[in-house]
Amino acid sequence: MSTINFTYLPGDGIGPEVGAAAIAVLHAVADKFGHTLKAEQHLVGGAAIDAGLKPLPDESYQSAKRTGAILLGAVGGPKWDHLKGEERPELGSLLPLRKRLNLYANIRPCKPYPALIERAPLKRERLEGTDFVVIRELTGGIYFGKKGRDERGAFDECRYTEAEVERIAVKAFDLATTRRKKVTSVDKSNVLETSRLWRETVIKVAKNYPDVELEHLLVDAMTMHMLTRAQDFDVILTENMFGDILTDEASVLCGSMGVIPSASLSYGRPSKGVVGMYEPIHGSAPDIADQGKANPIAMILSAAWMLRLSFGLSAESEAIERAVEAALEGGHVTGDLGGSLSTQDVGDWIADHVISKQ
Ligand code: IPM
Ligand code: MG
């Protein structure tokens, strides 16, 4: 029996709704497997701003730092679009959380569920058998370079150190050794100096993994290859902004953004274990907020990833993943996937399934 002590940051838009569904599922898991659930709920993003606080209040950050396991809904929305720079929910909360907790490895899977293949815009034969993972560098590059305005315009600097590239490349190769042993590194080395460093460093790291095949692709070409030969990829390794763009594209292969979880990880000393933030890859979807329409599956799967990666609870995590598959196969889903259940109903269905099946 363990205590699952984590920081819960529901955030904005549909965040609190999909969050409530995930919390219901976590309670079911805790009951079934005899664990104690201790969720420390805090404000983040626009919700914090509306409460008169900073986008990342100290309390929220301190809790995240202390528990080292964070379940986050989504942040941002048009309501806060007039704000500038770090007053904005994304720049003022999500990015500092990533940077200050050193969550440099962002992991986003792409393995279309059989039940959703028909919903994707590509032909079935282009999707069947697709199973890759994108490893996106998350704390460097253009997102965190110097940015600003001068009399002539604006600038965003893109920088990478060799150490930053090396540590993320190691994670990609380590993961590939447990899978189909192939890394596809994506850069723009025909134009960008940071990409030339990226490619050189990845080639150096690859020397320690003689069993892993390494392929390099330019990011513009990659956008096409992902649509025409998705099945060829195993681990896709890329820098921060290219990873942002490519993972939205990858979500289309899965038939819906609403079913894809993500983990953002930092690896400390072995005794301290992993620090992880888990969140759906979708955003705050303000247009459908507070209507019970949002699909909670990505958030529920993010909670499952938290159990596995931060708490070592693999059986619990698998119980959730099996329940999600059953929900998808049985059509116990929200309207975006052709079902008629509300956000909370999907959460409750999955929670009940976790409780009743083994
Ligand atoms: C993502 C999001 C964020 C990003 C935004 C909200 C800052 O698009 O996690 O993919 O660009 O990293
Ligand atoms: Mg994105």
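Values in this document were obtained by computation on a predicted structure and should not be read as measured data. Index from 1, following the sequence.
- Remark: Glu128 CD is packed, more than 12 non-hydrogen atoms of other residues, nucleotides or ligands lying under 6.0 Å away.
- No donor-acceptor contact under 3.5 angstrom links the side chains of Tyr278 and Ser264, judged on distance only.
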Please set out all donor-acceptor pairs under 3.5 angstrom arising from side-chain atoms of residues 210-218, sequence neighbours excluded.
residue : atom : partner : partner atom : Å
Glu215  : OE1  : Lys182  : NZ           : 3.4
Glu215  : OE1  : Thr184  : OG1          : 2.7
Glu215  : OE2  : Arg229  : NH2          : 2.9

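- Hydrophobic cluster membership is shared by Ile350 and Leu307, with clusters built from Ile, Leu, Val, Met, Phe, Trp and Tyr side chains linked at under 4.5 angstrom.
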Check: residues 286-294 side-chain donor-acceptor pairs under 3.5 Å, at least two apart:
residue : atom : partner : partner atom : Å
Gln291  : OE1  : Lys293  : NZ           : 3.0
Gln291  : NE2  : Asp287  : O            : 3.1

Q) Step by step, would you call Ile320 with Glu316 a side chain to side chain contact (heavy atoms under 4.5 Å, CB included)? A) CA-CA 7 Å; Ile320 298 178; Glu316 290 78 346; 5.9 Å; no
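- Checked against Tyr160 for a side chain to side chain donor-acceptor pair (under 3.5 Å), the options Glu137, Glu239, Glu193 give a single hit: Glu137.
- In this model, a donor atom of one side chain and an acceptor atom of the other lie less than 3.5 Å apart for Ser185 and Trp198.
- Side-chain atoms of Glu164 come within 3.5 Å of backbone N or O of Thr161 as a donor-acceptor pair.
- For Ser63 (side chain) and Ser60 (main-chain N/O), no donor-acceptor pair under 3.5 Å exists by modelled atom type.
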(Q) Please determine whether side chain to side chain contact (heavy atoms under 4.5 Å, CB included) holds for the pair Asp187 and Val219, giving the CA-CA distance in whole Å, both sets of side-chain angles, and the decisive distance to 0.1 Å. (A) CA-CA 5 Å; Asp187 61 37; Val219 62; over 6 Å; no
Q: Could you check Arg88 against Asp81 for salt bridge (Lys or Arg N to Asp or Glu O under 4.0 Å), going step by step and ending with a plain yes or no?
A: CA-CA 7 Å; Arg88 296 175 61 82; Asp81 262 352; 3.1 Å; yes
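- Enclosure of atom CZ in Arg124 by more than 12 non-hydrogen atoms of other residues, nucleotides or ligands within 6.0 angstrom is indicated.
- Using a 4.5 Å heavy-atom threshold, the side chains of Ser266 and Val274 count as separate.
- Looking at Arg199 and Ser189, their side chains do bring a donor and an acceptor atom within 3.5 Å of each other.
- No hydrogens or angles considered: a donor-acceptor pair under 3.5 Å links the side chains of Thr247 and Arg108.
- Annotation: side chain to side chain contact (heavy atoms under 4.5 Å, CB included) contacts of Pro10 (sequence neighbours excluded): Tyr8, Pro16, Gln41.
- Judged by distance alone, the side chains of Ser284 and Asp12 never bring a donor and an acceptor atom under 3.5 Å apart.
- With a 4.5 Å cut-off on side-chain heavy atoms, Val134 and Leu246 do not count as touching.
- Between the side chain of Lys32 and the main chain of Ala28, no donor-acceptor pair closer than 3.5 Å is present.
- Side-chain contact between Leu94 and Pro89 is absent, with no heavy-atom pair separated by less than 4.5 Å.
- Here the NZ-CG distance, from Lys146 to Asp156, works out to 12.0 Å after rounding to the nearest 0.5 Å.
- Figure legend: Arg100 and Tyr61 shown as a cation-pi pair, the cationic atom lying under 6.0 angstrom from the six-membered ring centre and within 45 degrees of its axis.
- The closest donor-acceptor contact from the side chain of Ser317 to the backbone of Ala304 lies under 3.5 Å.
- Nearest heavy atom pair, residue Ala285 against residue Ile14, reads O-CG2, 3.7 Å.
- Not counting sequence neighbours, the partners of Asn5 by the side chain to side chain contact (heavy atoms under 4.5 Å, CB included) test are Thr3, Lys38, Glu40, Thr67.
- In this structure, CD1 in Ile236 is found 11.5 Å from NE2 in His225, a value given to the nearest 0.5 Å.
- Contact record, Leu122 with Leu227: CD1-O, 3.6 Å, taken as the closest heavy-atom pair.
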(Q) Between Val333 and Asn295, is the side chain to side chain contact (heavy atoms under 4.5 Å, CB included) condition met? List the steps. (A) CA-CA 7 Å; Val333 290; Asn295 182 350; over 6 Å; no
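- Using a 4.5 Å heavy-atom threshold, the side chains of Leu237 and Ile168 count as touching.
- Distance alone, capped at 3.5 Å, places no donor-acceptor pair between the Arg149 side chain and the Ala154 backbone.
- A cation-pi arrangement, defined by a distance under 6.0 Å to the six-membered ring centre and an angle within 45 degrees of its axis, is present between Lys99 and Phe144.
- Leu313 is listed as a side-chain neighbour of Ser2, based on a closest heavy-atom distance under 4.5 Å.
- A 4.5 Å side-chain heavy-atom check between Ile135 and Asn106 finds every atom pair outside the cut-off.
- Within a 6.0 Å sphere centred on CZ of Arg196, heavy atoms belonging to other residues, nucleotides or ligands number 12 at most.
- When only modelled atom types and interatomic distance are considered, Tyr143 and Asp244 share a side-chain donor-acceptor pair under 3.5 Å.
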Q: Carefully, step by step, assess Arg179 and Asp131 under the rule salt bridge (Lys or Arg N to Asp or Glu O under 4.0 Å).
A: CA-CA 10 Å; Arg179 294 174 47 98; Asp131 178 5; 3.3 Å; yes
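- Within the structure, the ring pair (Phe, Tyr, Trp, His ring centres under 6.0 Å) test picks out no pair touching residues 280-329 (sequence neighbours left out).
- Looking at heavy atoms from C-beta onward, Tyr104 lies out of side-chain contact with Leu265 at the 4.5 angstrom threshold.
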Donor-acceptor pairs under 3.5 angstrom involving side-chain atoms of residues 42-56: please list them, not counting sequence neighbours.
residue : atom : partner : partner atom : Å
Asp50   : OD1  : Trp80   : NE1          : 3.0
Asp50   : OD2  : Lys79   : NZ           : 2.6
Lys54   : NZ   : Asp58   : OD1          : 3.0

Q.
Set out, in order, the CA-CA distance, both residues' side-chain angles and the distance that settles side chain to side chain contact (heavy atoms under 4.5 Å, CB included) for Ile281 and Ser251, then state yes or no.
A. CA-CA 9 Å; Ile281 77 150; Ser251 76; 3.8 Å; yes
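- Between the side chains of Asp345 and Ser342, a donor-acceptor pair is found at a separation under 3.5 Å.
- The cluster map of Ile, Leu, Val, Met, Phe, Trp and Tyr, joined by side-chain heavy atoms under 4.5 Å apart, puts Val18 and Leu37 in the same cluster.
- Within a 6.0 Å radius of NZ in Lys65, no more than 12 heavy atoms belonging to other residues, nucleotides or ligands are found.
- Only one option out of Lys111, Lys357, Arg308 pairs with Glu321 in a salt bridge (charged side-chain N to carboxylate O under 4.0 Å, His left out); it is Arg308.
- The aromatic rings of Trp349 and His332 lie parallel to each other, with less than 30° between the two planes, well short of the 60° mark.
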